[in-house]
Structure formats: structure tokens, C-alpha cells
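Everything numeric in this text was worked out from a predicted model, so none of it was measured. The chains referred to below are lettered A, B, ... by the order of the sequence lines, with proteins before strands, and numbering in each begins at 1.
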Amino acid sequence: MSQMTRSNAEVSTSAAIPAPRRSRTVPYVVGALGLLLAAVPFIDATIPGVFTGPMSSPGTLQILAVGLVFAGVAMSYDLLLGYTGLLSLGHAFYFALGLYGTNLGMRLFELSYVPAVVLALVFTLVVALVFGSVALRVRGVAFAMVTLAFAEAFHVFVEADPARISGGEEGLSLDTSYVPDLFTGVVNTRWVYWLALGFALLTFAICRQAVASRAGRVWQAIRENEDRVELLGLVPFRFKLLSFGLSAVLAAGGGAVYLLLVRGATPGAASSVFTLNLIIMVVLGGLGRLWGAALGGLVFGYLQLRLPGIARSGVFEPLPDWLEGPLTEPLFILGTLFVVLVMFAPGGLASLPERLGLKRGER
Amino acid sequence: MSLQVFVLLSVTGLGLAGVYFLIASGLSLIFGLMDVLNLAHGLFFTVGSYATWWVMTRFGFIGSLGLRFAVALVVAAAMGLAVGWATERFFVRRFYGDHVTQILITLGLSLAGVALIGGWFSYDPRTFPVPELFRQVVVIAGARIPVSRLLILLVSVVLLIALLTFLRRTRHGLIIRAGVENRDMVQAMGIDVAKSFTLVFAIGGLLAAVGGVLGGVFFAGITPEFGLNVLIFAFIVVVIGGLGSVEGTALSAVIVGLTQQFVNFYAGAGVGDLTVVVLLAATLLLRPQGLLGEVAR
């Protein structure tokens with residue numbers, strides 16, 4: 001048996017990817033949570049230690065909105081890794097296409113925000129189908145390396161900027177004259193926040209429908225055993241490409257919302273580090289469960305933005321220097337937490353209730 | 001194209017190829033033998049460069065820079081060996097047969113390790129003093145070639161020969177080569193392949209750390225994230241060369257290094273990097289198993 005097929009077939013036996021499942025209660029919980037989150041801009045209370053300002057302050061909404069965008073993008077990545085078993089190391093590419101594409105659509109073609117987003121999504125779909133069909137010629141680890149290389153090529157392209165359009169290392173700031181007034185200015189952070197929430201909920205709904213559809217069932221079959229799917233007379237390539245394309249477009253949607261949040265596009269969003277962060281999110285939350293991935297995205301966004309603040313507040317001050325330095329690095333804490341979870345609690349945060357014996361009999 | 005420029009670009013490209021080879025060969029062997037995509041390999045590289053920086057700036061009691069650099073090379077190699085060994089022994093070994101978990105673990109280690117180094121030494125680029133000899137130039141065919149480039153080339157070639165000799169002439173090497181070919185068969189013959197797993201990780205760590213030392217000299221500076229950037233090109237080198245083939249990795253490192261240098265020089269910065277990715281795509285379409293890879297892959 002060849003190496004590539006072997007490594008792909010063994011993906012299904014990984015402890016890190018539990019079999020996906022579908023709970024009837026999840027949509028209600030997510031719906032209720034969505035309503036609660038939608039009300040946050042009207043809550044003036046403060047939660048000391050968790051957020052610095054009141055819940056309705058632009059700073060807090062910004063952190064939550066970034067978390068919600070990450071939640072949506074993490075769910076789109078879960079379609080690939082958790083449901084189809086494709087380990088892509090290039091998802092940042094598609095997120096960045098949405099980010100840069102929308103920005104360039106506005107700047108180059110003088111489109112307003114919404115048409116620019118639509119154009120960027122269509123463009124992303126085309127790019128994903130072309131690059132996806134090349135990358136999907138190989139399986140398993142080679143697929144991971146190829147997607148990584150394509151994404152890195154794009155990263156180099158926007159950073160070196162040979163075509164003089166992407167603004168190089170500085171990035172490309174958002175020209176607010178093309179954006180509806182509702183989404184500009186610090187006072188209107190709540191509207192961007194609601195947009196991010198809408199994106200996360202819409203992504204959840206689309207992903208949930210997709211994984212329950214006929215194609216979604218084939219994805220999960222591919223994840224379990226690709227050779228057997230082929231034996232049944234189906235062409236796995238087409239289904240994998242569909243999964244790749246859908247997840248790329250959803251990630252690009254996240255990029256388009258992120259543009260309004262951070263008011264610009266920088267090469268960091270296209271870097272492989274962002275893809276690696278996405279992997280941390282979905283694994284942290286729990287692969288193969290959409291709400292797990294979403295939770296991972298929220299937690300990651302929160303920790304990434306809040307940990308430096310917590311570190312600066314001086315709680316680590318009494319510690320010796322060799323410990324204090326690393327503890328002020330969000331990625332040190334997140335990376336270590338990630339390794340511990342992968343080693344001792346594969347299935348992520350989503351599996352913890354079960355692991356602790358709080359939930360029984362569902363399996 | 002004048003001859004001087006050609007010679008200079010060739011030597012620089014070969015120097016880059018040497019750095020790529022050192023990081024890619026371990027990656028390729030680890031993958032060939034164990035099917036593990038080791039994302040922590042960039043960390044081994046970074047460990048090597050920071051070990052050098054540490055020795056070069058803190059070991060002031062060694063007066064001669066040349067001697068200090070030799071010590072740095074040995075310290076870096078030893079640390080790479082130790083980190084590679086520990087990664088396999090304490091993390092990867094626990095998850096044999098579960099490739100996704102192994103990849104995820106090495107990914108987490110890589111991110112946490114880079115942040116650890118960033119926390120200790122800061123993310124600012126660092127430079128370390130190099131022996132006077134490195135700055136001198138030799139004139140070859142009218143081109144002024146820095147000695148450091150030639151030295152990088154020399155060290156890489158020596159390590160390539162050492163690695164090939166080890167693989168071809170020793171019993172451990174034989175087991176590794178047989179394991180790359182067919183791991184199950186080696187195990188069936190009563191040989192403990194797990195020992196070879198640890199060994200290739202340690203060797204890979206050593207080679208990558210030496211790559212980190214030379215990379216620090218080649219790029220005249222180091223940052224904690226640097227290993228990850230080089231790792232991406234190392235992946236490309238490994239895939240083009242053929243997974244598991246040391247000779248293929250060496251050949252492909254030369255092709256990638258030269259292409260990158262020449263195209264970056266003549267077509268503008270960044271274009272060479274893009275060309276390399278196009279080479280990768282072409283390889284996958286025309287010869288998915290890589291230049292010298294086995295057909296079966």
C-alpha cells in the first residue's frame with residue numbers, strides 16, 4: 001500500500017478527530033446564545049477582570065467581534081478538517097483573499113462595501129476551485145504541504161507587493177468613503193459587532209445544513225475511509241473540492257467582516273501563523289463539532305487580545321524573569337494549553353463535559 | 001548577464017541551498033521513516049540560531065571569534081540533538097499510528113517554543129559577531145565572493161557526505177534506509193524500529209540546528225519566527241525532491257536555492273519565491289512522487 005493512501009486512511013483513526021455528531025439541542029442553545037450576544041451592546045454592566053470596560057463599550061465589543069469572526073472562520077475550517085478529514089495548512093489564504101479582495105474591490109474598482117464583498121467571494125471561489133483541484137491531486141501530508149506552499153506564495157505576494165497594489169508590509173488601510181456610515185467610526189462599533197455576530201450565526205447555519213446534506217454525508221464518509229467511498233462508485237475528488245470551495249468562501253466572508261473590524265488588511269492575516277492559529281482554535285474547541293470550533297474561535301480571540309493586557313497589568317511581576325517573559329506571550333500559553341489538550345483531552349473543550357462525566361449516554 | 005554576477009548569484013544560491021538542505025533532509029527522513037510531518041522542525045532551526053547568538057555574545061572569555069564560532073557550532077548541534085531527541089521521546093512517541101495527533105503536537109510545540117524563545121530573547125532581530133574571516137572576500141572569475149558563503153557551502157557538503165556515509169555504511173543507517181522502504185517488514189524481522197525513530201529525530205534536530213547557525217550567518221540576523229519561514233521552503237524542497245530521499249532533497253535544495261536567487265535578482269524581490277511555488281505545483285502535476293521519490297508514493 002502506498003504511503004499517501006495509508007496516511008490518509010489513518011486520519012480517521014486519529015484520537016484528535018472524534019466522529020462528528022449532531023445534537024438536536026445545539027441549535028436552540030446557539031440561538032439563545034446568539035440572542036444574548038445580540039443584547040450585549042445594551043448591557044452597561046462591567047465584569048471585573050474579564051473585560052476592562054463595560055460590556056457595551058467599544059473596546060469590549062471589539063474583542064467580542066474579533067472572537068465571533070474567528071468563531072465563524074474556525075467553523076469553516078472544521079468543515080475541512082473535522083468533517084472531510086482534509087488537513088489544509090493554507091486556510092489563511094482564503095481568509096486573506098476576503099480581506100484583501102474586499103479592500104481592493106473598493107479601492108481599485110470604486111465599488112461600495114457590499115458589491116465589493118460579493119466580488120471578493122466570487123473571486124475566492126474561483127481561486128479555491130483552481131488551487132484546490134491542484135492540491136487535491138495528492139492526499140494526506142503532501143496535501144498539507146502543498147496548501148501551505150500556495151498560501152505562503154500569496155503571503156509573499158502581498159508582502160513583497162511586486163504589482164504595487166497590496167501596500168506591502170504596511171498593508172492596505174480601509175478607505176471608509178466606500179463603507180456605509182453605519183460601519184465606520186468608534187461610536188458605531190456595535191453595528192460592526194452585530195455584523196460579526198450575524199456572520200458567525202449565518203456560518204453556523206450554513207455549515208450545519210451542509211454537513212447534514214447528502215454531500216455532507218459523503219464528506220464524513222471520505223473522512224472515515226476514502227478508498228471505500230471510491231469503491232462505492234462515488235468520486236471523492238468532487239466532494240472534497242466542494243468542501244474546499246465552501247469552506248474557502250466562508251473564510252473569505254470572515255475576512256470581509258474582519259476588514260471593517262481592524263480597518264485595513266495586513267500581510268499577517270495571510271501568514272501561515274494565522275492558519276496555525278486556526279488549527280489551535282478548532283482543536284481547542286473540539287474538532288468535528290461546529291459549536292466546539294466556534295467556542296474555540298471565541299476563546300482564542302478573547303485570550304489573544306486580553307492576555308497581553310493581563311500580562312502588562314503586572315500579575316506576573318513577582319515571578320522570575322525567565323518565567324515572566326514567556327508568560328506575557330499569548331502564544332506560549334495558548335501553545336502549551338494546546339499541547340496539553342491534544343495529549344490528554346483529544347476532542348478539545350467540547351469533550352470536557354463528557355470527560356468529566358457530566359454528560360452520559362449520547363455516544 | 002555578466003560572468004561576475006552569474007558566479008556571485010550561483011554561490012549565494014548554493015549557500016541558500018545548503019541551509020535548505022540541512023533543514024529539509026531531517027524533515028524528509030523523519031517523514032520517510034515515520035510518516036510524521038514534523039512542524040517543530042523550524043523550532044530546531046531557531047534553537048540552533050539562538051544557541052549561536054548566546055555563545056557568540058556571552059562567551060566573551062573565549063577571545064578568538066573563530067574559536068568561539070566553532071564552540072557555538074558544537075553547542076548548537078548538541079542542543080538541536082537534545083531537542084530533537086526530547087520531541088520524539090516525550091511527545092511524538094506516545095502517538096504512534098495517529099498522524100494527525102502527531103502533527104498537531106509538533107505544531108503546538110513549535111508555536112509554544114517560538115513564543116518561549118520570543119519571551120526570553122524578545123522578537124527583535126538579533127545579530128551576532130562573526131569571525132573576521134567571514135567578512136573577507138575571495139575573487140573567483142572576477143566576482144567578489146564573501147568567505148561566509150563558501151563556508152556555508154563547505155559545511156553543508158561535509159554534512160551531506162557524512163549523512164550519506166552514515167546511511168550507507170553503518171548498521172543504523174541500513175535500518176533507517178530499510179525502514180523508509182518498508183517499515184513493517186523491518187519490524188517483522190525483529191528489529192526495534194522505534195530506536196531508529198528516536199535516532200532520525202535526533203539527527204534531524206542536529207542538522208536543522210546547524211542549519212540555524214548557518215542561516216544566521218547567511219541572512220546576517222535571526223528572529224524567533226525565522227525557523228518557520230525557512231521551514232515553509234524546506235517543505236517545498238522536500239516535496240520536490242521526493243519524500244524520504246536524501247539525495248533527492250539535496251538535488252531539489254540546489255534547484256530551489258538557485259531558482260530563488262536568480263529570479264529574485266532579475267525579476268524583482270518576491271518573484272523568485274513565487275517561482276519556487278510554481279515549481280512545486282508543476283512537480284505535483286507532472287511527477288507527484290517528487291524528483292527522486294519512489295513511484296509507490
Side-chain angles (χ1 to χ4, degrees), chain A residues 1-4 6-7 10-11 13-17 81 85 87 89 131 134-135 137-138 140-142 144-146 148-150 152-153 156-157 159-162 272-273 276-277 279-280 283 287 321-322 324-343 346, chain B residues 31-32 35-37 39 91 94-95 97-105 107-123 225 228-229 231-233 235-236 238-239 243-244 264 267-274 276-278 280-281 284-285 288-290 294-297:
Chain A
M1 195 197 279
S2 78
Q3 296 278 351
M4 287 306 163
R6 191 171 66 198
S7 41
E10 284 177 11
V11 160
T13 62
S14 171
I17 312 181
L81 181 56
L87 179 65
L89 292 182
F131 282 76
V134 175
R137 285 179 62 91
V138 286
V141 170
M145 293 197 202
V146 175
L148 176 71
F150 285 151
E152 191 55 23
V156 169
F157 178 78
E159 199 168 65
D161 197 17
S272 46
V273 173
L276 302 186
N277 288 347
I279 297 179
I280 293 197
V283 174
L287 278 162
D321 274 355
W322 63 269
E324 193 197 338
L327 282 179
T328 54
E329 298 291 336
L331 270 183
F332 176 71
I333 295 175
L334 284 164
T336 309
L337 181 67
F338 175 84
V339 172
V340 169
L341 273 179
V342 170
M343 290 183 81
Chain B
F31 186 83
D35 295 341
V36 174
L37 178 65
L39 288 170
F91 297 98
R94 301 176 51 136
F95 300 98
D98 185 347
H99 302 305
V100 171
T101 301
Q102 285 174 332
I103 291 175
L104 294 176
I105 290 259
L107 161 67
L109 287 177
S110 158
L111 290 178
V114 166
L116 188 67
I117 290 174
W120 280 341
F121 301 108
S122 99
Y123 282 94
E225 295 112 326
L228 197 60
N229 295 340
L231 183 67
I232 288 161
F233 286 102
F235 278 158
I236 297 178
V238 169
V239 176
L243 296 159
N264 269 343
V271 184
D273 303 10
L274 294 179
V276 168
V277 177
V278 174
L280 171 78
L284 284 174
L285 291 172
Q289 72 273 33
E294 297 157 47
V295 184
R297 289 173 199 272

Search all heavy atoms of B/F95 against all heavy atoms of A/V342 and return the closest pair with its distance. CZ-O, 4.4 Å
Max heavy-atom pair count under 4.5 Å with chain B, selected residue of A/L341, A/L148, A/L276, A/V134: A/L276
In terms of heavy-atom pairs under 4.5 Å with chain B, the winner among A/E152, A/R137, A/M343 is A/M343
Does the pair B/V114 and A/L331 meet the rule for a side chain to side chain contact (heavy atoms under 4.5 Å, CB included), with working shown? CA-CA 8 Å; B/V114 166; A/L331 270 183; over 6 Å; no
Heaviest contributor of heavy-atom pairs below 4.5 Å to chain A, chosen from B/I103, B/V36, B/L111, is B/L111
Report which part of A/S272 has an atom under 4.5 Å of a heavy atom belonging to chain B: side chain, backbone, both, or neither. side chain
When you look at B/L243 and A/M145, which way does the side chain to side chain contact (heavy atoms under 4.5 Å, CB included) test go after all the steps? CA-CA 11 Å; B/L243 296 159; A/M145 293 197 202; 3.9 Å; yes
What heavy-atom pair brings A/A149 and B/L280 nearest, and what distance separates the two atoms? CB-CD2, 3.2 Å
With a 4.5 angstrom heavy-atom cut-off, which part of B/I236 approaches chain A: side chain, backbone, both or neither? side chain
Find the one option among B/L107, B/D273, B/L39, B/L228 whose heavy-atom pairs under 4.5 Å with chain A are most numerous. B/L107
Under a 4.5 Å heavy-atom cut-off, does chain B meet the side chain of A/A144, its backbone, both or neither? side chain
Heavy-atom closest contact (B/A112 atom, A/F332 atom, distance): O-CD1, 3.4 Å
With a 4.5 angstrom heavy-atom cut-off, is it the side chain or the backbone of B/I117 that approaches chain A, or both, or neither? neither
Please name the pair of heavy atoms, one in B/V277 and one in A/A153, separated by the smallest distance, quoted to 0.1 Å. CG2-CB, 3.6 Å
Of all the heavy-atom pairs spanning B/L104 and A/F338, show the shortest one and how long it is. O-CE2, 2.9 Å
B/I105 versus chain A, the contacting section by heavy-atom distance below 4.5 Å: both
